[in-house]
Amino acid sequence: MQSIIVHGGAGQIPPETHESHRRGCANAAVLGWQMLNDGGSALDAVEAAVRSLEDDPAFNAGHGAALTIDGEVELDAGIMSGATLKAGAVGALSGFANPISIARRLLEKSDHDLLVADGAASFALAQGFEPVSPASLITERQRTLFETLRTSAGPGDTVGALALDADDNIAAALSTGGYRFKWRGRVGDSPIPGAGLYAQNGVGAVACTGVGEHIMRTGLALRAMFWLEAGKPAPDAATAAIEQFQRLLPGGQAGLIIMDAQGGVGWAHSTPYLSYAYRTSADSNVAGAVSGA
Ligand code: ASP
């Protein structure tokens, strides 16, 4: 059994961007699926899927990320191996286009699980990652949103992926520019194991999206894992986790994608929308969708 599911963020997804969300999510799911079929690992698949979403300016990650209160890009990304429970994550990182690959390198080459800001950048340079000009990651769309809204407008367009490979290894990955208009140095849930993401072989994997502060307060990814551990299949675990989240934090904004150890997938959200796409051995339909639309 092989399986991949990706998300393009939970929040307000304006109707005019639904098509680019569906397309970007479908492309990422297809890429991850190919990787699994070519013998790649679950980690390879989630990294490839998230890289493609980081490169797609429709999403708030890598190129096209949301801007901080200072009009700059600071990226968070995390990846976790269900085989070892090792994570690799970077927070508040500037000047690199694909933070998910730096996170993967940290997972594989370091005892640390999380590095932030200048420390994350120096690790990336030491590992041979090419820096880019910070301005090159800023898109016209994000500049306009920044200039017109000039206020925190909620989460959205963050990207994530979960995969199960032929060896039954499972992995999770997330990447984001975070909350628009966030304070410099703010790190959200996306790089934090147990909050934004989790993966454990034999149980499943979770990738969250929404207001990072709400997700961290409730430890949402780990709570969702407990529903899988209690024996719920992925769709039921997704619903149970978001219902529990809403009981804990009425009005809280979050969404998640989830995969059980059999490769079954699910998603749920308290936000108006969540975009996603998936492909499993049992279901070859890879059309992207916007839940809530
Ligand atoms: N969870 C992300 C953060 O708070 C944002 C998002 O999912 O859109 O940084």
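Here the structure is a predicted model, which is why all the values come from computation and not from measurement. One is the number of the first residue; the rest follow in order along the sequence. Computed over heavy atoms, backbone and side chain alike; hydrogens, waters and symmetry mates excluded. When a ligand or atom number is given, it counts from 1 through the structure's own listing order.
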Side-chain heavy-atom pair V6, V159 within 4.5 angstrom cut-off: no
Just jot down the ligand 1 atoms closer than 4.0 angstrom to any heavy atom of T209, in number order. 6 (C), 7 (O), 8 (O)
4.0 Å heavy-atom contact, D76 with ligand 1: no
Which atoms of ligand 1 sit under 4.0 Å from any heavy atom of D189? 1 (N), 2 (C), 3 (C), 4 (O)
Of the non-hydrogen atoms in Y276 and S291, which two are nearest, and what is the gap between them? CE2-CB, 3.9 Å
The protein heavy atom nearest to atom 6 (C) of ligand 1 is T158 OG1, 2.8 Å
Please classify the R180 to ligand 1 contact at 4.0 Å (heavy-atom distances, strictly less than): side chain, backbone, both or neither. neither
Closest protein heavy atom (residue, atom, distance) for atom 9 (O) of ligand 1: R186 NH1, 2.7 Å
Are G156 and ligand 1 in contact, using a heavy-atom cut-off of under 4.0 Å? yes
Does atom CD of E16 have more than 12 heavy-atom neighbours from other groups under 6.0 Å away? yes
Test your reading of the structure: does G188 have an N or O sitting under 3.5 Å from an N or O of ligand 1? no
Are R217 and E213 ion-paired here, with the side-chain N under 4.0 Å from a carboxylate O? no
Taking salt bridge (Lys or Arg N to Asp or Glu O under 4.0 Å) as the criterion, tell me which of R186, R184, K182 meets it with D70. R184
Could you establish whether G210 and ligand 1 come within less than 4.0 Å of each other, counting only heavy atoms on the residue side? yes
Charged N-O contact under 4.0 Å between R141 and D157: yes
For the side chain to side chain donor-acceptor pair (under 3.5 Å) test, which of E47, E54, E130 pairs with N98? E54
